[in-house]
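Below is one structure; the comments refer to it alone.
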Amino acid sequence: MPRSSMDSKATTNGVATIEDRILRITGYYGYYPGYSSQKRGEGLQSNTENNTGDAEKSRCQSYTSTFLKFVWGFLIILSVSSSWVGTAQIIKITYKNFYCPFFMTWFSTNWNIMFFPVYYSGHFATAQEKQTVLQKFRECSRIFGEDGLTLKLFLKRTAPFSILWTLTNYLYLLALRKLTATDVSALFCCNKAFMFLLSWIVLKDKFMGVRIVAAIMAITGIVMMAYADGFHGDSIIGVALAVGSASASALYKVLFKMFLGTANFGEAAHFFSTLGFFNLIFISCMPVILYFTKVEYWSSFSALPWGYLCGVAGLWFAFNILVNVGVVLTYPILVSIGTVLSVPGNAAIDLLKHEVIFSVVRLGATIFICLGFLLMLLPEEWDEITLRFINSLKEKKSEEHTEDIAESSVHTRSRSRANGTVSIPLS
């Protein structure tokens, strides 16, 4: 046999490679010609399989995470809307026998003290690296600054927020005396529009034309709601109180963003508990003054409707927890949708249970406000996202059209060949 054919055979078997020669000389156990090239091929194949498996695993995990977020979002929407509807309806029931809105506000705000203990219980039950209460408290107190919570910061930062919190809830309770729960919940949704206007003026946030339109729609709804009963009587007072509550809520959120920035769930829990302590220490004098001046008077503590009071405070507390937990578990936009869904929820109860008849003007005002609220939820880059989506649809349609043309041309050629005809292109 010629030498050249032997060399080619050796090369074919892999003996000519450097790695194969080394393995043959050293007498590596299990060696045979082509061993290294086969191992290299197996390694490449295993790497490819591992990369494919990792990509599929990460894709599956992302899909699962998205699915769980939507499931949590659905549950949060139901819980947020139910708690907000339940709060308004129980307040309306309580007013039949007990009308002390400031006492109810003070009593409900005191429940915020339990916010941090509830958060720490969840941390202790779920966290792998557990911290003591004091360690967690110090970590979460950084929302007030690097030095944590001091007496000066407690008075300086907590006082204005506590006043705005009390004012928001107190005006909301007063409005429920004058208007239906549906009207008050719809008017309170205007806080998104007020918050945008304040953020644009004070925080110099990005100007968005669609949000200006939403603010105009909200203001139009307010005017229509006031006009529904002719700008007189309890209706105009109730609208003013509900709008005042929404404005105080918007101011609270804008100031929070200005002075404290963004907060995680632990920091928010710490802040809410601090508000509760401030309310208990400094605002407890107000219910006493109102009691002795007989502005808000009751015969004895045993005569108080403790069941209804605890129901209102518990649902309010649950609502605040759900809003803050929902931002962690799901998309924030779904939490906001849960708030606006309280409007049809209250409307259903008012219509079926209380037999409230909604006028066309009042119904139109509610729709305007809710649409404005939903427009406020659009992200800042909504126009770019919309254009990108439209372009992708156009590209997909053009690709499908090209594929259809190609398939039809192939089908025409095959049919021509079957008929024995040949198409000659014109040059």
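A quick note: this is a predicted structure, and the numbers were derived from the prediction, not measured.
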Distance check, rounded to the nearest 0.5 Å: I333 atom CD1 versus L377 atom CG?
5.0 Å
Sub-3.5 Å donor-acceptor pair from the side chain of N346 to the main-chain atoms of S342, do we have one?
yes
Shortest non-hydrogen pair, L334 vs G73, comes out as CD1-CA, 3.6 Å
Using only heavy-atom distances, determine whether the side chains of N112 and T109 contain a donor-acceptor pair under 3.5 Å.
no
F358 atom CZ, neighbour heavy-atom count above 12 within 6.0 Å:
yes
Report the relative orientation of the aromatic rings in F116 and H270; use parallel for angles under 30°, tilted for 30 to 60°, perpendicular for over 60°.
perpendicular
Would you sort out whether L304 and F103 count as a side chain to side chain contact (heavy atoms under 4.5 Å, CB included), showing the intermediate values?
CA-CA 11 Å; L304 292 175; F103 177 80; 4.2 Å; yes
S141 side chain to R138 backbone, donor-acceptor under 3.5 Å:
yes
To the nearest 0.5 angstrom, please state how far the CD atom of E267 sits from the CZ atom of R142.
9.0 Å
Keeping the roles fixed (side chain from W200, backbone from M208), state whether a donor-acceptor pair exists under 3.5 Å.
no
Side-chain H-bond candidate by donor/acceptor type, S302 with S300, under 3.5 Å
yes
Any non-hydrogen side-chain atom of F107 less than 4.5 Å from a side-chain atom of C310?
yes
How long is the span from the CH2 atom in W316 to the CE atom in M104, to the nearest 0.5 Å?
7.5 Å
Where does the angle between the aromatic ring planes of W298 and Y291 fall among parallel (under 30°), tilted (30 to 60°) and perpendicular (over 60°)?
tilted
On a heavy-atom basis, the closest approach of C189 and I369 is CB-CG2, 4.1 Å
Could you go through the side chain to side chain contact (heavy atoms under 4.5 Å, CB included) check for T274 and F144 one step at a time?
CA-CA 11 Å; T274 307; F144 293 99; 4.2 Å; yes
Taking the cut-offs as 6.0 angstrom to the six-membered ring centre and 45 degrees off its axis, would you call K136 and Y120 a cation-pi pair?
no
Student check: side-chain heavy atoms of Q89 and H354 closer than 4.5 Å
yes
With the side chain counted from C-beta on, respond yes when V239 and V243 share a heavy-atom pair under 4.5 Å apart, and no when they do not.
yes
Report yes if the side chains of L260 and F161 come closer than 4.5 Å at any heavy-atom pair, otherwise no.
yes
Shortest non-hydrogen contact from P101 to L173?
O-CD1, 3.2 Å
Determine, stepwise, if the pair Y170 / S245 fulfils side chain to side chain contact (heavy atoms under 4.5 Å, CB included).
CA-CA 8 Å; Y170 180 57; S245 176; over 6 Å; no
Step-by-step side chain to side chain contact (heavy atoms under 4.5 Å, CB included) determination, N320 to F115
CA-CA 9 Å; N320 290 319; F115 219 109; 3.9 Å; yes
Taking all heavy atoms of A214 and all of M376, pick out the closest pair and write down the distance.
CB-CE, 3.7 Å
Measuring only between side-chain heavy atoms, which start at C-beta, is K192 closer than 4.5 Å to S336?
yes
Atom pair OG1/NZ of T168 and K253 - distance to nearest 0.5 Å:
9.0 Å
Residue that, paired with Y119, satisfies ring pair (Phe, Tyr, Trp, His ring centres under 6.0 Å) out of F137, F271, F265, F124:
F265
Within 45° of the ring axis of Y95 and under 6.0 Å from its six-membered ring centre, is that where the NZ or CZ of K92 lies?
no
Could you tell me whether I201 atom CD1 has more than 12 heavy atoms of other residues or ligands within 6.0 Å of it?
yes
Under a 4.5 Å cut-off applied to non-hydrogen side-chain atoms, are I222 and C190 in contact?
yes
Do I283 and S162 touch side chain to side chain, with heavy atoms closer than 4.5 Å?
yes
Looking at every non-hydrogen atom in both residues, tell me the closest pair between K206 and F196 and how far apart they are.
O-CE1, 4.1 Å
Just by modelled atom types, is the L378 backbone N or O under 3.5 Å from a matching donor or acceptor in the R211 side chain?
yes
Between D350 and T182, is any side-chain donor less than 3.5 angstrom from a side-chain acceptor?
yes
Tell me if the OH atom of Y297 is crowded by more than 12 foreign heavy atoms within 6.0 Å.
yes
Taking the side chain as C-beta and beyond, is there a heavy-atom pair between F194 and V254 under 4.5 Å?
no
More than 12 heavy atoms from other groups under 6.0 Å of NZ on K156:
no
Contact summary for R362 and S235, nearest pair of heavy atoms
NH2-OG, 4.1 Å
Evaluation steps, ring-ring contact (aromatic ring centres under 6.0 Å, His included), between W84 and Y172:
CA-CA 12 Å; W84 198 233; Y172 188 84; 5.2 Å; yes
Side chains of W106 and T166: donor-acceptor distance under 3.5 Å anywhere?
no
Rounded to the nearest 0.5 Å, what separates atom CG in L155 from atom CD1 in I281?
9.0 Å
Please round to the nearest 0.5 Å and tell me the distance separating atom CH2 of W165 and atom OG of S108.
10.0 Å
